[in-house]
There are 2 protein chains.
Amino acid sequence: MRLNQATDYAFRAVLYLAQLPPGEVVEAQVIARHEGIPMRFLLKILRLLTKAGIIYSYRGVGGGYALARPPVEITLLDVMLAVEGPVQINRCLKDLGACTKKGPPHCPVHRALASIQKTLIEQFKSYNFACLAGGSPEPVPEVTKPAGKRFSCGGAN
Amino acid sequence: MRLNQATDYAFRAVLYLAQLPPGEVVEAQVIARHEGIPMRFLLKILRLLTKAGIIYSYRGVGGGYALARPPVEITLLDVMLAVEGPVQINRCLKDLGACTKKGPPHCPVHRALASIQKTLIEQFKSYNFACLAGGSPEPVPEVTKPAGKRFSCGGAN
DNA sequence: TTAAAAGTATACCTTGTAAGTTTACTTTAA
DNA sequence: TTAAAGTAAACTTACAAGGTATACTTTTAA
């Protein structure tokens, strides 16, 4: 019941990018050093994030990576999905054949786990990288936003 | 981000015992056949449950296993803890040294994951085996219980 | 026009854990 | 005193996690 190390690295890499001035491009090298992630391993993870459309990559001299959209529009769930694929807290939630009781209608364990998983997914979705970065480095002026909360951060929306 | 197969087997084994008349002792053999769990592997799991005080084991001829307390007092969390040990959805929640930012005060990812984990644990705690068994085979008379819900089953208490 | 700095693609390696099995032993009822 | 149960712990096998290496492509700038 644990996240991959790669997912953890991905969280930290995206958070790092989210804390830069918007649009800033940095090389993998810099992220790796700053976050203490093995360089070649990080490159592999960054490719997953690129494929998922979470970051852009720029090749060639002066290349690097930048967020593909505003931090507020990237959730922990997005990053998880990009790195680990779909969340499945139990074998039987992935592959119905793996359920001895052949799925939810007859399997109370299955039903309970499905509900727990649903809540878990919602939780991961409720954190975005604007909130994690703790106020953007270039704060959006309050007037441009609706009154009240700008974005959710954790459980309560 | 997945439960062990052993934990899943444990859920099913305990549920099976919970569905028997209270106090009934059955051999591992029977549980294994009924739930489609490899016999010797199940024995290993049952020993963990015994050590955790969730089931009793009876040795010798005519021996077997039975629940050590009423199903309503056994939660999914109890069984998980017995089989997998403490829930830690990220390395850094187990071992602070694994957090490059040295723990929650300076690490927003850490803080978010800790909160998600807390909710997850509460979820697993909110399911007991009376509710999973779907009404005990020998139903407790309504008069002995307070009005309203007898026990929680899932999210809402 | 080519060298160097970046990312890409893919194959590989190494270690740990999951999942299950085996062997030898102990307890207990009949 | 034997056979049916559980106990204990070592062993095996397979797969996945985590990380590395090799060869390649793209791009900029001298």
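The structure displayed is predicted, hence computed values, not measured ones.
For dA17(D), neither phosphate oxygen OP1 nor OP2 lies less than 4.0 angstrom from any side-chain nitrogen or oxygen of R91(B). For dA6(C), the OP1/OP2 oxygens have no side-chain nitrogen or oxygen of Y65(A) closer than 4.0 Å. Between dT26(C) and Y58(B), no contact under 4.0 Å exists linking OP1 or OP2 to a side-chain N or O.
The backbone N or O of Q88(A) sits less than 3.5 Å from a side-chain atom of R2(B), completing a donor-acceptor pair. Side-chain atoms of N4(A) never come within 3.5 Å of backbone atoms of T7(A) as a donor-acceptor pair (strictly under, hydrogens ignored). A donor-acceptor pair under 3.5 Å is absent between the side-chain atoms of E27(B) and the main chain of G62(B), judged by distance alone. At least one donor-acceptor pair under 3.5 Å links the side chain of Q117(A) to the backbone N or O of I89(A).
Note on Y56(A): nothing from the nucleic acid sits closer than 4.0 angstrom, heavy atoms only.
Counting to the nearest Å, the C1' atom of dT7(D) and the CD1 atom of I55(B) are 13 Å from each other. Atoms CD (E84(B)) and C1' (dA18(C)) sit 11 Å apart, rounded to a whole Å. Atom C1' of nucleotide dT8(C) and atom CG of L49(A) are separated by 15 Å, given to the nearest angstrom. One interatomic measurement links the two molecules: CG of D8(A) to P of dG19(D), which rounds to 11 Å at whole-angstrom precision. Rounded to a whole Å, the NZ atom of K51(A) is 11 Å from the C1' atom of dT8(C). Regarding L48(B), its CG atom lies at a distance of 14 Å from the C1' atom of dG20(C), rounded to whole Å. Taking atom CZ on R2(A) and atom P on dA17(D), their separation rounds to 13 Å, with Å as the unit. Spacing between atom CG of N4(A) and atom P of dA16(D) amounts to 12 Å, rounded to whole angstrom units.
Of the candidate nucleotides dT21(C), dG6(D), dT8(C), dT8(C) has the atom nearest to the side chain of S57(A).
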What does the list of N/O pairs under 3.5 Å between the protein and nucleotides 27-30 of chain D look like, with a distance for each?
residue : atom : partner : partner atom : Å
dT27(D) : O2   : V61(A)  : N            : 3.4

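A heavy-atom distance below 4.5 Å is not found between the side chains of N90(A) and F11(B). For the pair Q29(A)/M39(A), a side-chain contact is recorded, criterion being any heavy-atom separation below 4.5 Å from C-beta on.
Ionic pairing of R69(B) and D78(B) is present here: one or more N-O contacts between side-chain nitrogen and carboxylate oxygen are shorter than 4.0 angstrom.
Between A28(B) and L3(A), it is A28(B) whose nearest contact on DNA chain D lies nearer the 5' terminus.
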Let me see the working for V26(B) and Y16(B) under side chain to side chain contact (heavy atoms under 4.5 Å, CB included), right down to the final yes or no.
CA-CA 10 Å; V26(B) 294; Y16(B) 179 75; 4.2 Å; yes
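A heavy atom lying under 4.0 Å from DNA chain D marks the following residues of residues 39-47 of chain A, by number: R40(A), F41(A), K44(A).
Every pair passing ring pair (Phe, Tyr, Trp, His ring centres under 6.0 Å) that includes a residue from residues 39-85 of chain A is listed here, sequence neighbours excluded: Y9(A)-F41(A).
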